[in-house]
Protein chains: 2
Amino acid sequence: MSVAAQSSGLEEMFGEQSSLNKSNSDSRHDILVTAANCFRENGYSATSIDDVAHALKATKGMIYHHFRSKADLFFAVYRMGMEINFRATEPHAKGDAPALLKLARMSVAHSIALMREQSFQRVLAQGVALHQQGSTTAAQRETLSELIDIRNSYETLFRKAIEAVAEQHKIKLGDPSIASKSFLAVLNSTVFWYSPREDNQHAEQLTIARELVTYALRGIGADMPEEALTFMEQDNDE
Amino acid sequence: MSVAAQSSGLEEMFGEQSSLNKSNSDSRHDILVTAANCFRENGYSATSIDDVAHALKATKGMIYHHFRSKADLFFAVYRMGMEINFRATEPHAKGDAPALLKLARMSVAHSIALMREQSFQRVLAQGVALHQQGSTTAAQRETLSELIDIRNSYETLFRKAIEAVAEQHKIKLGDPSIASKSFLAVLNSTVFWYSPREDNQHAEQLTIARELVTYALRGIGADMPEEALTFMEQDNDE
DNA sequence: TTGACAACATACTCGGTAGTATGTTCCTCT
DNA sequence: AGAGGAACATACTACCGAGTATGTTGTCAA
């Protein structure tokens, strides 16, 4: 991981034991990954705890040992999804690159993280849906609101970047809120139609990301800076 | 309804007794509307037939008298959602207006229909999700595939229009498939964040539609033709 | 008048599921 | 060594919800 610990406020947001930190508790992490897949494939309420347990070749008791309730498990998966996004995007938002290049890099990173971690991203969408419904208990409702806040602050990251570009390039945006929502809608659209092919995933994902970001940027009246793609080459995990 | 019966292939697609045809069976129509709301608020699997019945101030038996199963009900709602979209959009696709104006009008009409009939549109999104999962029986799977086909043919309507614009205005699209997916993603994004205000819905919706279509068109490198908005003024139901 | 059928309402079955209560195993610390 | 607890597995409860079976009411036709 190239952009490791630069103390960027992520710890405050997600707590000491990051979900990405596999060291402390392997099985908790395994549950999260498996649950994310189940939620993606069947949706929250159509997924039973037993389903997750079975996919893990474990039992219900094991899951309830790590999570208080099904909702709790869902929230944890949601958190991890958001954390993935932040870790991918935030470093680019903090650099001192020109506004347009910054936005483009954020977008590419976001787009690729989205395709790499499909399961978690789909859970995020369900989280919003769950929030619009009524979640049962008061505590759950509070937790959900907190999660939505995290999501909103993520969107704000993009909106700020977009407005910076608009200002610097003297573009008028109409309603900046709608512009940024459209912008993210384009980047997020892969959730609905992309599924990874075996062949050359990384190359394919880069191509798609390039197209999407080009489109999204043109939507706000800016042109894709080609340097935005060069940074992606080094950090391949596994 | 200004663009009534011009025999545009809709009858073949949705059968003789259109879901929009309230004459024959009022209660069936009522069920569809209520079910759409329930599905929107709680999602498919979290909505029970009893929920729908209760919202209708009727009983479970009444619903099962009109629909064989919960899945059947869902499919019917889905169909009606698609029909709403087709009826709103297809007339504009058939005119002999210039390509860009045609696309713009289709987009505005689609966008506004989306905001007016929120409940049904959210069901459409769930339909795609359900399709990606495994639906239980073979018959259901077949029906779902058929519905997805309808949806695809709707998307094709837009893709054709987009490609026509690209050709006529000598725009190069990169991957046309991704471009049209992004295009629709922008138009459809309201599903996730728009909820109607009491005040002046129609004006508000027009404003939003205008912003969205402007963004979407710029994404493919085209400019919003202002005449595209003028047609919307007459046909206000109720 | 009656009988047949549509349009529901009521009452019930039965499988699935969240959550709990209670083992069992193993590891660690003293 | 053994006491205690973490990390599970097993067994059970209680409820909910889809689907069904059967009752009731109105209506229309012969």
Side-chain angles (χ1 to χ4, degrees), chain A residues 17 21-35 38-39 41-78 123 126 130 133-141 143-144, chain B residues 17 22-35 37-39 41-78 123 126 130 133-141 143-144:
Chain A
Q17 57 166 10
N21 204 357
K22 215 180 168 184
S23 59
N24 191 16
S25 168
D26 262 13
S27 43
R28 189 186 155 90
H29 181 268
D30 291 343
I31 295 177
L32 288 176
V33 173
T34 308
C38 292
F39 287 147
E41 287 169 12
N42 298 329
Y44 174 71
S45 51
T47 298
S48 75
I49 297 286
D50 281 316
D51 288 343
V52 181
H54 187 264
L56 266 172
K57 288 171 186 169
T59 64
K60 190 192 294 199
M62 182 260 200
I63 294 180
Y64 274 99
H65 178 72
H66 288 276
F67 299 91
R68 291 190 176 173
S69 70
K70 186 182 169 185
D72 248 44
L73 173 57
F74 179 85
F75 296 152
V77 173
Y78 187 105
V123 171
Q126 291 182 44
L130 266 183
Q133 320 166 8
S135 36
T136 326
T137 79
Q140 286 177 11
R141 193 141 192 86
T143 306
L144 249 180
Chain B
Q17 56 166 11
K22 215 179 167 185
S23 59
N24 191 15
S25 168
D26 262 12
S27 42
R28 187 184 158 92
H29 181 268
D30 291 343
I31 296 177
L32 288 177
V33 172
T34 308
N37 278 318
C38 292
F39 287 146
E41 288 170 11
N42 297 330
Y44 174 71
S45 51
T47 299
S48 75
I49 297 287
D50 282 317
D51 289 343
V52 181
H54 186 264
L56 266 172
K57 288 171 187 171
T59 64
K60 191 192 291 199
M62 181 262 201
I63 294 179
Y64 276 99
H65 178 72
H66 289 276
F67 299 91
R68 292 190 176 173
S69 69
K70 185 182 170 184
D72 248 44
L73 173 57
F74 180 84
F75 295 152
V77 173
Y78 187 106
V123 172
Q126 291 182 45
L130 267 184
Q133 318 166 8
S135 35
T136 328
T137 80
Q140 286 178 11
R141 193 141 192 84
T143 306
L144 249 181

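Quick caveat: nothing in here was measured; it's all calculated off a predicted structure. Below, chains carry the letters A, B, ... as their sequence lines are ordered, and counting in each starts from 1.
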Phosphate-side-chain proximity, B/H65 and C/dA7, N/O vs OP1/OP2 below 4.0 Å: yes
Length of the line joining A/I49:CD1 and D/dT10:P, which is rounded to integer Å: 17 Å
Would you say D/dC8 has OP1 or OP2 under 4.0 Å from some side-chain N or O of A/S27? yes
Between CG of A/D50 and P of C/dG19 the distance, given in whole Å, is 12 Å
Note, B/M62 side chain near B/I31 side chain (heavy atom, < 4.5 Å): yes
Does B/S45 reach a base, just sugar-phosphate, or nothing at all? Heavy atoms under 4.0 Å. nothing
Indicate whether any N or O donor in one side chain lies under 3.5 Å from an N or O acceptor in the other, for B/S27 and B/D30. no
Checking side-chain contact (heavy atoms from CB on, under 4.5 Å) against A/V77, which of A/V33, A/L32, A/T34, A/D72 comes through? A/L32
To the nearest Å, give me how far apart CG (A/L56) and C1' (D/dA9) are. 14 Å
Side chain of B/M62, heavy atoms from C-beta onward: which of D/dA9, D/dT20, C/dC8 has the nearest atom to it? C/dC8
Expressed as a whole number of angstroms, how long is the span from B/L73:CG to D/dA18:C1'? 13 Å
Side-chain contact check for A/T59: nearest option of D/dA9, C/dA6, D/dC8 is D/dA9
Do B/K70 and D/dG17 share a donor-acceptor pair, side chain to base, under 3.5 Å? no
Specify whether B/F39 and B/Y44 have parallel, tilted or perpendicular ring planes, treating 30° as the upper limit for parallel and 60° as the lower limit for perpendicular. tilted
Distance check: side-chain N/O of A/H66 vs OP1/OP2 of D/dA6, anything under 4.0 Å? no
Using whole Å, what does the distance between atom C1' of nucleotide C/dT17 and atom OH of A/Y64 come to? 8 Å
Nearest-Å distance for atom pair CZ/P, residues B/R28 and C/dC8: 13 Å
Within this structure, what is the CD1-to-C1' distance between B/I31 and C/dC8, rounded to whole angstrom? 10 Å
Here the distance between atom P of D/dG19 and atom CZ of B/F67, to the nearest Å, is 14 Å
Any donor-acceptor N/O pair under 3.5 Å between D/dA18 base and B/K60 side chain: yes
A/S48 near the nucleic acid: base, sugar-phosphate alone, or nothing, with a heavy-atom cut-off under 4.0 Å? sugar-phosphate
Side chain to side chain, A/F67 and A/R28, heavy atoms closer than 4.5 Å: yes
